[in-house]
Amino acid sequence: MSNKEMVESGNQKIEWARSHMPVIAAVREQFEKEKPLDGHRIAMALHVEAKTAVLVETLAAGGAEVAIAGCNPLSTQDDVALALDTRNCIDCHASYDCSTEDYYEAIDKVLDFGPDITIDDGADLIFKMHTERPEMLATILGGCEETTTGIHRLKSMEREGALNMPVIAVNDAMTKFLFDNRYGTGQSSWDGIMRTTNLLIAGKNVVIGGYGWCGKGAALRAKGLGANVIVTEIDPIRALEARMDGNEVMPMKEAAKIGDIFLTTTGNRDILSGEHFEVIKDGAILANSGHFNVEINLEDLKKMAGSVRTARKNIKEYDLGDRKVYVLAEGRLVNLAAGDGHPAEVMDMSFANQALCVRYIAENTLVNGVHSVPRELDISVAEMKLKSMGISLDKLSPEQTLYMDSWSCGT
Ligand SMILES: NC(=O)c1ccc[n+]([C@@H]2O[C@H](COP(=O)([O-])OP(=O)(O)OC[C@H]3O[C@@H](n4cnc5c(N)ncnc54)[C@H](O)[C@@H]3O)[C@@H](O)[C@H]2O)c1
Ligand SMILES: N[C@@H](CCSC[C@H]1O[C@@H](n2cnc3c(=O)[nH]cnc32)[C@H](O)[C@@H]1O)C(=O)O
């Protein structure tokens, strides 16, 4: 494709996403009128694809200048990156097949731009500023964090007294994790797996590593596709929940022997490693939708394999002698590296939260530490989404309010 065709293709994807993101459209309208981000410089490290581009445009419509890098190798869509880079007030430094060096160089480039607000997915910008560029923290008003793993990292910095800027935990908004992590990951992971393998899910043993918000969504959709779902967990409550939701629960060492398709969603490392590959079933398909590329230990797999070859686009075959194992998208996020990421309708809510939280940072002085998304912003996102869906609610009558609030009623 020529550069011109790439830009056209990127713009088409952005337009399609924008037309399915009514909440962020409403936020953009406010931003265009009020210009709350005038004079602000925003550095972002997110998956560079069409829905993210709609967030970037919204911030620019609010008056900001924006520089963006990727937040994961293999999750950038090059046509969208090119289309974004042609816009006024937007610099994009991201490519799909970047090396680890290119990836970190791009993070440095968006920091060179001199931001006063950051948006991260996995805390890479914040980590880099704290470890290598601490002088930058003096002019940072605050940051927003998109994902569970990033918030784990930031809370651990906060506990050790090492977090020297305010950060809003956007992932923890109800209108984010209940929809994005659950229904978003639930749908987009299976989309990535199915379009990459072109295989049937019905009748297969699907093993889901972790029954958090992503795991619940992935298990629910696998069941809907006709799979027999097995969950592995380390948390007794989540394991119980998985069982009572109708899944089998067992240790990975047992699940490895019978699973046909494995999907990790834990945010942890080595969910599948050497001890599992020793017993894993011939033909097993391994995919990750959790953290970076560490949930499936590819080093162990490489050591055990006699040879490795590309079996099909985005599928690597590891020949273990008596068995073959297939890894999708290099063990990186299968929904983004081998698919188009979450559906626009869920990113609509995640990114409306991002835009509103950036505005909140611009208009308020926050102390250093991890902050929750203000409840009223979270509720406003739910209200805008319901309105866009044509759904209205009942209202409490004065008698009902009194009844609910009074301790003397109810007997
Ligand atoms: N692919 C995507 O688009 C996408 C979307 C949202 C979140 N994420 C990422 O997915 C990961 C999970 O996010 P979440 O919101 O579901 O987190 P969560 O904390 O709700 O769930 C993680 C679950 O994994 C379990 N777990 C941890 N170690 C385990 C182990 N060794 N074996 C089995 N289970 C284990 C935990 O007990 C927990 O129940 C994070 O890294 C997050 O950043 C990815
Ligand atoms: N660098 C992180 C990446 C985790 S991805 C998880 C985040 O990606 C976000 N996400 C999922 N799909 C899309 C998409 O299509 N566009 C932009 N972001 C997405 C989603 O909100 C989720 O919180 C790490 O490996 O730790």
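Because the structure is predicted, anything quoted here is derived from the model rather than measured. Positions are given from 1 along the sequence. Read the numbers this way: they start at 1 and go in the same order the structure lists the ligands and their atoms.
Listed for the Lys223 side chain is a donor-acceptor partner under 3.5 Å among the backbone atoms of Asp245.
Against a heavy-atom cut-off of under 4.0 Å, Asp235 is close to the following atoms of ligand 1: 37 (O). Within the listing of ligand 1, atoms 4 (C), 5 (C), 6 (C) sit less than 4.0 angstrom from a heavy atom of Thr185. Less than 4.0 angstrom separates some heavy atom of His291 from each of these atoms of ligand 1: 41 (O). If you number the atoms of ligand 1 from 1 as listed, the ones under 4.0 Å from a heavy atom of Thr232 come out as 33 (C), 34 (N).
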>> Working note: Asn293 + Leu298, criterion side-chain contact (heavy atoms from CB on, under 4.5 Å); need CA distance, chi angles, decisive distance, verdict.
In response: CA-CA 8 Å; Asn293 61 346; Leu298 291 181; 5.6 Å; no
> Going through the checks in order, is the side-chain contact (heavy atoms from CB on, under 4.5 Å) test met by Met250 and Ile258?
Replying inline: CA-CA 11 Å; Met250 63 183 75; Ile258 52 174; 4.0 Å; yes
Check ligand 2 for N or O atoms under 3.5 Å from a protein N or O and list each pair with its distance.
| unit_1 | atom_1 | unit_2 | atom_2 | d |
| --- | --- | --- | --- | --- |
| ligand 2 | 1 (N) | Cys71 | O | 3.1 |
| ligand 2 | 1 (N) | Asn72 | ND2 | 3.2 |
| ligand 2 | 1 (N) | Asp121 | O | 3.0 |
| ligand 2 | 8 (O) | His47 | NE2 | 3.2 |
| ligand 2 | 8 (O) | Asp121 | OD2 | 3.1 |
| ligand 2 | 12 (N) | His342 | N | 3.1 |
| ligand 2 | 12 (N) | His342 | ND1 | 3.4 |
| ligand 2 | 15 (O) | Lys51 | NZ | 3.0 |
| ligand 2 | 15 (O) | His342 | N | 3.1 |
| ligand 2 | 16 (N) | Glu49 | OE2 | 2.8 |
| ligand 2 | 21 (O) | Glu146 | OE2 | 2.5 |
| ligand 2 | 21 (O) | Lys176 | NZ | 3.4 |
| ligand 2 | 21 (O) | Asp180 | OD1 | 3.4 |
| ligand 2 | 21 (O) | Asp180 | OD2 | 2.6 |
| ligand 2 | 23 (O) | Glu146 | O | 3.4 |
| ligand 2 | 23 (O) | Thr147 | OG1 | 3.0 |
| ligand 2 | 23 (O) | Lys176 | NZ | 2.7 |
| ligand 2 | 25 (O) | Asn72 | ND2 | 3.3 |
| ligand 2 | 25 (O) | His291 | ND1 | 3.2 |
| ligand 2 | 25 (O) | Phe292 | N | 2.7 |
| ligand 2 | 26 (O) | His291 | ND1 | 2.6 |

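Cation-pi contact between Lys13 and Trp16: absent, since separation from the ring centre below 6.0 Å together with deviation from the ring axis within 45° is not met.
Considering CE of Met21 and CE of Met349, their distance stands at 10.5 Å, rounded to 0.5 Å.
Counting protein heavy atoms only, atom 28 (N) of ligand 1 is closest to Asn268 ND2, 3.2 Å. If you check which protein heavy atom lies closest to atom 31 (N) of ligand 1, you get Ile271 CD1, 3.3 Å. Of the protein's heavy atoms, Glu233 OE2, 3.4 Å lies nearest to atom 25 (C) of ligand 1. For atom 3 (O) of ligand 1, the closest heavy atom belonging to the protein is Asn335 ND2, 2.8 Å. Looking only at heavy atoms of the protein, atom 6 (C) of ligand 1 is closest to Cys214 SG, 3.4 Å. In this structure, the protein non-hydrogen atom closest to atom 15 (O) of ligand 1 is Thr148 OG1, 2.7 Å. Of the protein's non-hydrogen atoms, the one nearest atom 18 (P) of ligand 1 is Arg238 NH1, 3.6 Å. Nearest protein neighbour of atom 44 (C) of ligand 1, counting heavy atoms only, is Ser289 O, 3.2 Å.
Looking only at atom types and distance, the side chain of Asn228 has a donor-acceptor partner in the side chain of Glu248 under 3.5 Å away. In this structure, a donor-acceptor pair under 3.5 Å is present between the side chains of Asp180 and Ser350. At a cut-off of 3.5 Å, with distance as the only test, no side-chain donor of Thr185 or Asn335 sits close to an acceptor on the other residue. Side chain to side chain, Asn297 and Asp270 meet the donor-acceptor criterion of an N or O pair below 3.5 Å.
Residue-level proximity to ligand 1 for Met252 is absent, since no heavy atom of it falls below 4.0 angstrom.
Contact of the Asn72 side chain with the Leu336 side chain is not registered, since no non-hydrogen atoms from C-beta on lie closer than 4.5 Å.
A side-chain contact (heavy atoms from CB on, under 4.5 Å) with Ser9 is found for one member of Ile14, Leu82, Asp79 and no other, namely Asp79.
Within the 4.0 Å heavy-atom shell around ligand 1 one finds Trp213.
Of the listed residues (Ala242, Gly290, Gly184), the one carrying the non-hydrogen atom nearest atom 10 (O) of ligand 1 is Gly290. Considering Ile151, Ile234, Thr147 only, the shortest heavy-atom separation from atom 35 (C) of ligand 1 involves Ile234.
Comment: Lys176 does not engage Asp172 in a salt bridge, judged by the lack of any side-chain N to carboxylate O separation of less than 4.0 angstrom. Using a 4.0 Å cut-off between a side-chain N of Lys or Arg and a carboxylate O of Asp or Glu, Glu383 and Lys387 do not qualify as a salt bridge.
Contact record, Ile168 with Cys357: CG2-SG, 3.8 Å, taken as the closest heavy-atom pair.
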